[in-house]
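In what follows, a single structure is set out as structure tokens and then discussed.
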Amino acid sequence: MRKNLSQQKLLEILTSEIETLKQTTENINEIAPEIDRQLQILKTTKLKYDINTDKLEQLLEDHKRKLEKSVVIPHWFLWVLAGIMIWMIIQNVVYIYLKAPI
């Protein structure tokens, strides 16, 4: 007797679930064309965006100025270095000609 009662209850539950599933399927089928239409609109719509890069550009300019200040070699240093190099070349040339056997 118990088997029949539990089988009957199981059958009622399954029937109820099948009805719910049918109703859900009908609802999905009703809504599906609208969802498809909206998806097509989303796919064809061009995105418009505006990015404010002012702060980033200012930060890059600041870093650029810092780099220019720290990497620049002063002109006076280059002139002194060039003078020393010329002086050394002259000394070597004079040394070579004075010490060279004739």
Side-chain angles (χ1 to χ4, degrees):
M1 182 89 168
R2 204 174 237 314
K3 272 188 175 178
N4 289 337
L5 184 60
S6 64
Q7 287 176 351
Q8 182 67 28
K9 188 64 176 169
L10 181 61
L11 184 60
E12 288 175 10
I13 293 172
L14 286 174
T15 305
S16 170
E17 289 298 319
I18 289 172
E19 288 299 320
T20 304
L21 186 59
K22 283 181 184 177
Q23 184 61 40
T24 303
T25 303
E26 288 174 8
N27 291 342
I28 290 172
N29 289 336
E30 286 177 15
I31 296 173
E34 178 64 22
I35 292 172
D36 186 48
R37 185 185 69 79
Q38 289 182 7
L39 281 174
Q40 291 303 322
I41 290 172
L42 283 174
K43 286 179 183 178
T44 58
T45 302
K46 291 184 178 180
L47 295 177
K48 296 179 183 178
Y49 55 90
D50 183 30
I51 299 173
N52 186 359
T53 59
D54 292 340
K55 289 183 180 180
L56 179 60
E57 289 172 3
Q58 182 63 38
L59 184 65
L60 288 174
E61 283 296 321
D62 291 344
H63 283 294
K64 185 178 176 182
R65 271 187 250 121
K66 285 180 184 176
L67 281 176
E68 287 173 353
K69 287 180 181 178
S70 64
V71 175
V72 172
I73 299 172
H75 291 289
W76 63 265
F77 179 75
L78 293 175
W79 284 109
V80 169
L81 190 61
I84 292 172
M85 294 295 287
I86 291 171
W87 179 255
M88 290 176 73
I89 291 171
I90 291 171
Q91 278 186 335
N92 282 333
V93 169
V94 169
Y95 179 76
I96 290 172
Y97 282 114
L98 290 179
K99 294 288 184 176
I102 297 178

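Each residue takes its place number in the sequence, starting with 1. The figures here come from the full heavy-atom set of this structure, side chains too, leaving out hydrogens, waters and symmetry mates.
- Interatomic distance, CG of Leu21 versus CD1 of Ile28, reported as 8.5 Å (0.5 Å rounding).
- Lys43 pairs by the side chain to side chain contact (heavy atoms under 4.5 Å, CB included) definition with Gln40, not counting sequence neighbours.
- The line from CG of Leu42 to CG of Leu47 is 9.0 Å long, rounded to the nearest 0.5 Å.
- Legend: residues meeting side chain to side chain donor-acceptor pair (under 3.5 Å) with Thr20, ordered by chain and number and at least two apart, are absent.
- Lys48 meets the side chain to side chain contact (heavy atoms under 4.5 Å, CB included) test with no other residue; sequence neighbours excluded.
- Expressed to the nearest 0.5 Å, how far CD1 of Ile84 lies from CH2 of Trp79 amounts to 14.0 Å.
- A search for side chain to side chain contact (heavy atoms under 4.5 Å, CB included) contacts involving Ile89 returns Val93, not counting sequence neighbours.
- The other members of the hydrophobic cluster of Ile35, by chain and number, are Ile31, Leu39 (side-chain heavy atoms under 4.5 Å, ILVMFWY only).
- For the side chain to side chain contact (heavy atoms under 4.5 Å, CB included) test, residues two or more places apart in sequence or in another chain that qualify with Thr15 are Leu11.
- Hydrophobic clustering (side-chain heavy atoms under 4.5 Å, transitive across Ile, Leu, Val, Met, Phe, Trp, Tyr) groups Leu98 together with Ile90.
- Residue pairs satisfying the salt bridge (charged side-chain N to carboxylate O under 4.0 Å, His left out) criterion with at least one member in residues 25-39, sequence neighbours excluded, are listed as follows: Glu34-Arg37.
- In this structure Asp62 satisfies the salt bridge (charged side-chain N to carboxylate O under 4.0 Å, His left out) test together with Arg65, sequence neighbours excluded.
- Atom NZ of Lys22 sits about 5.0 Å away from atom CD of Glu19, to the nearest 0.5 Å.
- Linking Ile, Leu, Val, Met, Phe, Trp and Tyr whenever their side-chain heavy atoms come within less than 4.5 Å puts Met88 and Phe77 in one cluster.
- Rounding to the nearest 0.5 Å places OG1 of Thr45 at 11.0 Å from CD of Gln38.
- Between the NZ atom of Lys66 and the CD atom of Glu61 there is a distance of 13.0 Å, given to the nearest 0.5 Å.
- Under the 4.5 angstrom side-chain criterion for Ile, Leu, Val, Met, Phe, Trp and Tyr, Ile41 has no cluster partners at all.
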Test log, rule side chain to side chain contact (heavy atoms under 4.5 Å, CB included), inputs Glu12 and Gln8: CA-CA 6 Å; Glu12 288 175 10; Gln8 182 67 28; 3.9 Å; yes

